[in-house]
Amino acid sequence: MEQRPQTLSRALQGDSDSFSRLIEPLLDPAYRLAAVMLDDRSAAEDAVQEAAVKAWRKLRQLRGEESSLRSWFLSIVANECRMARRNRWWSVLKFAEVREPEPEAPESHADLRRALLRLSPDERLPLVLHFYLDLPLDEVARTLGISPAAAKSRIYRAAKRLRTDLTMEEVF
């Protein structure tokens, strides 16, 4: 079985199959991140696809070993989401999507989702990375390009703000 460091070195040499093997396990967390950040499935798919293309083009800029690949790729996805939110002028022309209520979604989940969406994308991002994607604090810090202490602080402040947005009934 091929070693993953060999896969990375082959991808760095331009082997697209090796790059695909490296990026494949990261696509699901990247999509989940984009879906929460953009609240639009189609835009999330576009952001992840655009991020994958950028990652392929800029693979040589990957610093460190393969262990930093996930945080590097998720930071590209987060930047794509920021750019997509900035360039949403076309959303005025977009027709409203008729969403069917989720069949067995408890009311508290919908309230938590609404409260999350009330946060700014910069407040939502550390929460999604840490609690939804279950990234350790040091990887959240690498993804955001900040120190672990700053990442911990951002997570705490965002969680505190989220807590104040929920009513007591929503918490219990």
Side-chain angles (χ1 to χ4, degrees), residues 4-5 7-9 11-12 18-88 105 108-166 170-171:
R4 290 195 67 156
T7 306
L8 179 59
S9 66
L12 285 167
S18 296
F19 178 75
S20 294
R21 280 193 296 278
L22 286 173
I23 210 79
E24 180 73 29
L26 304 176
L27 293 178
D28 181 54
Y31 173 75
R32 292 186 315 175
L33 171 64
V36 172
M37 294 302 296
L38 297 173
D39 192 35
D40 181 345
R41 288 181 185 206
S42 176
E45 289 170 354
D46 290 345
V48 172
Q49 183 175 9
E50 200 58 41
V53 170
K54 284 185 178 179
W56 170 245
R57 288 183 187 151
K58 299 181 180 215
L59 188 59
R60 294 195 188 284
Q61 293 178 0
L62 176 63
R63 292 188 183 100
E65 300 173 359
E66 186 194 344
S67 62
S68 60
L69 180 67
R70 180 168 65 171
S71 57
W72 177 74
F73 183 64
L74 290 177
S75 67
I76 294 172
V77 171
N79 286 335
E80 281 301 312
C81 291
R82 288 183 191 112
M83 288 184 354
R85 291 184 63 82
R86 245 183 266 137
N87 296 331
R88 282 258 178 119
S108 62
H109 288 188
D111 294 336
L112 177 60
R113 186 169 183 267
R114 269 182 271 171
L116 264 173
L117 292 174
R118 283 192 296 255
L119 296 175
S120 74
D122 288 333
E123 290 175 316
R124 194 177 327 142
L125 181 58
L127 285 177
V128 171
L129 291 171
H130 187 63
F131 293 111
Y132 186 60
L133 296 181
D134 203 26
L135 297 184
L137 196 57
D138 62 327
E139 200 164 344
V140 171
R142 281 195 312 254
T143 302
L144 297 175
I146 57 178
S147 71
K152 185 176 183 180
S153 176
R154 286 187 188 184
I155 292 168
Y156 173 79
R157 282 194 309 261
K160 187 175 178 182
R161 174 129 191 278
L162 182 66
R163 206 173 297 127
T164 61
D165 282 353
L166 295 172
E170 293 169 337
V171 174

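Counted within 6.0 Å of CD on E123, heavy atoms from surrounding residues, nucleotides or ligands total more than 12; the atom is thus considered enclosed.
Side-chain N or O atoms of S153 include none that pairs as donor or acceptor with a backbone N or O of A149 at under 3.5 Å.
K160 contributes atom NZ, which lies 8.5 Å from atom CZ of R163 (distance to the nearest 0.5 angstrom). Separation of atoms CG (L38) and CD (E80) is listed at 10.0 Å; rounding is to 0.5 Å. If you take OG on S71 and CD1 on I76, they are separated by 10.0 Å, rounding to the nearest 0.5 Å. In this structure, CG in D39 is found 11.5 Å from CZ in R114, a value given to the nearest 0.5 Å. Atom-to-atom distance recorded for H130:NE2 and L144:CG is 12.0 Å, nearest 0.5 angstrom.
Residues L133 and L74 meet the side-chain proximity criterion, which asks for heavy atoms closer than 4.5 Å. Between V53 and R57 the shortest side-chain heavy-atom distance falls below 4.5 Å. Between V48 and E45, every side-chain heavy-atom pair lies at or beyond the 4.5 Å cut-off. Inter-residue side-chain proximity for W72 and L69 is flagged as met; some heavy-atom pair is nearer than 4.5 Å. Counting heavy atoms from C-beta on, the side chains of R124 and L117 come closer than 4.5 Å. Residues N79 and K54 fail the side-chain proximity criterion, which asks for heavy atoms closer than 4.5 Å. Counting heavy atoms from C-beta outward, R82 and L125 have side chains that approach closer than 4.5 Å. Using a 4.5 Å cut-off on side-chain heavy atoms (C-beta onward), L135 and R70 make contact.
Smallest separation of non-hydrogen atoms from L127 and I155: CD2-O, 3.8 Å. Closest of all the heavy-atom pairs between F73 and A55 is CD1-CB, 3.8 Å. The minimum heavy-atom distance linking S120 with R161 is given by the pair N-NH1, 4.4 Å. V77 approaches A51 most closely through the heavy-atom pair CG2-CB, 3.6 Å. Here the closest heavy-atom approach between residue P29 and residue L26 is recorded as CD-O, 3.3 Å. C81 approaches A47 most closely through the heavy-atom pair SG-CB, 4.3 Å.
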| Please walk me through it: do V140 and R154 pass side chain to side chain contact (heavy atoms under 4.5 Å, CB included)? | CA-CA 10 Å; V140 171; R154 286 187 188 184; over 6 Å; no
